[in-house]
Protein chains: 2
Amino acid sequence: MNHMGLRERKKQRTRRALASAALRLFAERGYEETTIADIAAAADVSPRTFFSYFPSKEDVVFAEVDERLAEVRESLGQRSPDETPLESIRRIVLEIIEAIATAAGEYGAVQVQLIFERPSLQARALKRMNDTEQEVVDRLTELCPEIDEIDAVVISGATVGGMKSVITHCRAHGYDPAATRKAVDRALAIVERGLGSVPALTRPVSS
Amino acid sequence: MNHMGLRERKKQRTRRALASAALRLFAERGYEETTIADIAAAADVSPRTFFSYFPSKEDVVFAEVDERLAEVRESLGQRSPDETPLESIRRIVLEIIEAIATAAGEYGAVQVQLIFERPSLQARALKRMNDTEQEVVDRLTELCPEIDEIDAVVISGATVGGMKSVITHCRAHGYDPAATRKAVDRALAIVERGLGSVPALTRPVSS
DNA sequence: CCAATATATACACTTAATGCGACTTTGCAG
DNA sequence: CTGCAAAGTCGCATTAAGTGTATATATTGG
């Protein structure tokens, strides 16, 4: 299966070269200040070739995320035999969020910073979340064939939405890994037990 | 308050002219096939002027949504005195979702169709959702000053996320208003009572 | 080595978006 | 009413993203 010919390997190398050249230049000079021509030159290909690897300049920022996301999609299929659906959902969403939000590799920090400060990149990141959410709906209906369609959609939307928000908040406020983990656990608890389980919401107003 | 001088009124007229010209042309010829020059010509302004009203071609699609959203943000402040925070959240999120997702006016259907079929527009719509979610967090912490920061973030994220997904699903599958309302009610129930309240999730696997 | 196919490149082109200086309109104070 | 400052419009030039196309080059399988 993994017997990629020379052709495939070369493609992958070029892709990597483009991605890391791009991230490096973005870090050095800034995003707007780096042109496709610069990236292509740094990766030793023609500018035109850039677009046969990435549909746009913005997409190159997500090269690594997209790779990870593709892997996660594969591994999403098989589930541990004795999980309850609730546990499966939790595991699936956590895997996805980790793949999207965890910066890895040499340029992880650069990616995160870029996405936080460029609204258009933020929009594209949200789109990836959204697309992956559909994947969650599919897995969920596959897992519990008798589940109502609307229920599946809502469960996925609320869970992914809650996780997205908490992770983003933690990143934006510089939480350390321990605090982040604690926040994620809290988020899962709220989503699973409902807004009604949060005392501050049901208590009469304090004014 | 609403004593706009001639200048302001003229600006608003031009803005409207640009927006409706754009939407009309998008409907007639398609999005890509319509240039800024076309839009400007149809609105009788110079192409350069377009960009002093909208920062990009994509933003003109959201002209109406943004107006509504601005209104909603205003009215979000005052709350009925005897609401519980839970009820406030529900009301606030419903208002926002309605403002974003309910297509109104002559070109509502066009907007929705464009957003559904253009990934980049979808991304921008999601960004608007996301930005507005931050507003919800602010209102919520204002409403219950003693609430934990993380809790507020999770509650907003999960609620907005759930609503977004259910509304999108309904639109994509052509639900009529009655069915949509029913689905939204169901979504709110799940978010408020928790994933644990969905029988299909806690039942042992059916295989 | 050959033929089929996939990929890289050079070139031309469209158009979104921005900066700038000149010009026009509006608001307002005297 | 008049003139001045501010705001807005416009034309022009420029940059850079992204696409189509034809040509050249490299890879694969036979």
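Predicted model only: the values in this text are computed from it and were never measured. FYI, side chains are in, hydrogens and waters are out, and symmetry mates aren't considered; it's all heavy atoms of this structure. So you know, we letter chains A, B, ... as the sequences are listed, proteins then strands, and number each from 1.
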Please state how far atom [atom1] in [X] lies from atom [atom2] in [N], giving the value in whole angstrom units.
{"X": "B:E8", "N": "C:dG27", "atom1": "CD", "atom2": "C1'", "answer": "11 Å"}
{"X": "B:R15", "N": "D:dG8", "atom1": "CZ", "atom2": "C1'", "answer": "15 Å"}
{"X": "B:D59", "N": "C:dT18", "atom1": "CG", "atom2": "P", "answer": "10 Å"}
{"X": "B:Y53", "N": "C:dA17", "atom1": "OH", "atom2": "P", "answer": "18 Å"}
{"X": "B:R118", "N": "C:dA16", "atom1": "CZ", "atom2": "C1'", "answer": "15 Å"}
{"X": "A:K57", "N": "C:dA17", "atom1": "NZ", "atom2": "C1'", "answer": "13 Å"}
{"X": "A:E58", "N": "C:dA17", "atom1": "CD", "atom2": "P", "answer": "11 Å"}
{"X": "B:K11", "N": "C:dT25", "atom1": "NZ", "atom2": "C1'", "answer": "14 Å"}

Can you confirm whether the side chains of B:S20 and B:E106 place a donor and an acceptor under 3.5 Å from each other?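 Distance-only check fails for B:S20 and B:E106.
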For residues A:D138 and A:Q134, is any side-chain donor paired with an opposing acceptor at under 3.5 Å? yes
From B:K164 NZ over to B:M129 CE, what is the distance, rounded to the nearest 0.5 angstrom?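 Rounded to the nearest 0.5 Å, the NZ-CE separation comes out at 7.5 Å.
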Whether the side chain of A:R48 and the base of D:dG20 hold a donor-acceptor pair under 3.5 Å is what I'd like checked.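 Yes, a donor-acceptor pair under 3.5 Å.
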Expected list for residues 24-46 of chain A near DNA chain C, using heavy atoms below 4.0 Å, is A:V45, A:S46
Is any NZ, NE, NH1 or NH2 atom of the basic residue among B:R90 and B:E192 found under 4.0 Å from an Asp or Glu carboxylate oxygen of the other?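 Yes, this pair counts.
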Among the nucleotides C:dA8, D:dT19, C:dT18, which one has an atom lying closest to any side-chain atom of B:F51? C:dT18
Out of C:dA16, D:dG8, C:dT25, which has the shortest distance to the side chain of B:K10?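 Comparing C:dA16, D:dG8, C:dT25 against the side chain of B:K10, the answer is C:dT25.
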Within the structure shown, what part of the strands sits under 4.0 Å from A:F50 by heavy-atom distance: base, sugar-phosphate, or nothing? nothing
Describe the nucleic acid contact of B:F54 in one word from base, sugar-phosphate, nothing, applying a heavy-atom distance below 4.0 Å. nothing
According to salt bridge (charged side-chain N to carboxylate O under 4.0 Å, His left out), who are the partners of A:K57, at least two apart in sequence or on a separate chain? none
For B:L114, give me all partners under side-chain contact (heavy atoms from CB on, under 4.5 Å), at least two apart in sequence or on another chain. B:L23, B:F26, B:Y31, B:V61, B:V110, B:E117, B:L121
Residues forming a side-chain contact (heavy atoms from CB on, under 4.5 Å) with A:R29, sequence neighbours excluded: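 In terms of side-chain contact (heavy atoms from CB on, under 4.5 Å), with neighbours along the sequence ignored, A:R29 is linked to A:L25, A:E33, A:T34, A:D38.
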Determine to 10° how strongly the helix from C:dC1-D:dG30 to C:dG30-D:dC1 is bent, judged from the axes of its five-pair ends. 20°
Presence of B:S52 side-chain N/O under 4.0 Å of D:dG8 phosphate oxygens OP1/OP2: no
For the salt bridge (charged side-chain N to carboxylate O under 4.0 Å, His left out) test, which of A:R118, A:R124, A:K127, A:R128 pairs with A:E58? A:R124
Under 3.5 Å donor-acceptor pairs involving side-chain atoms of residues 43-51 of chain B, not counting sequence neighbours:
| from | atom 1 | to | atom 2 | distance (Å) |
| --- | --- | --- | --- | --- |
| B:S46 | OG | B:R48 | N | 3.1 |
| B:S46 | OG | B:T49 | N | 3.3 |
| B:S46 | OG | B:T49 | OG1 | 3.3 |

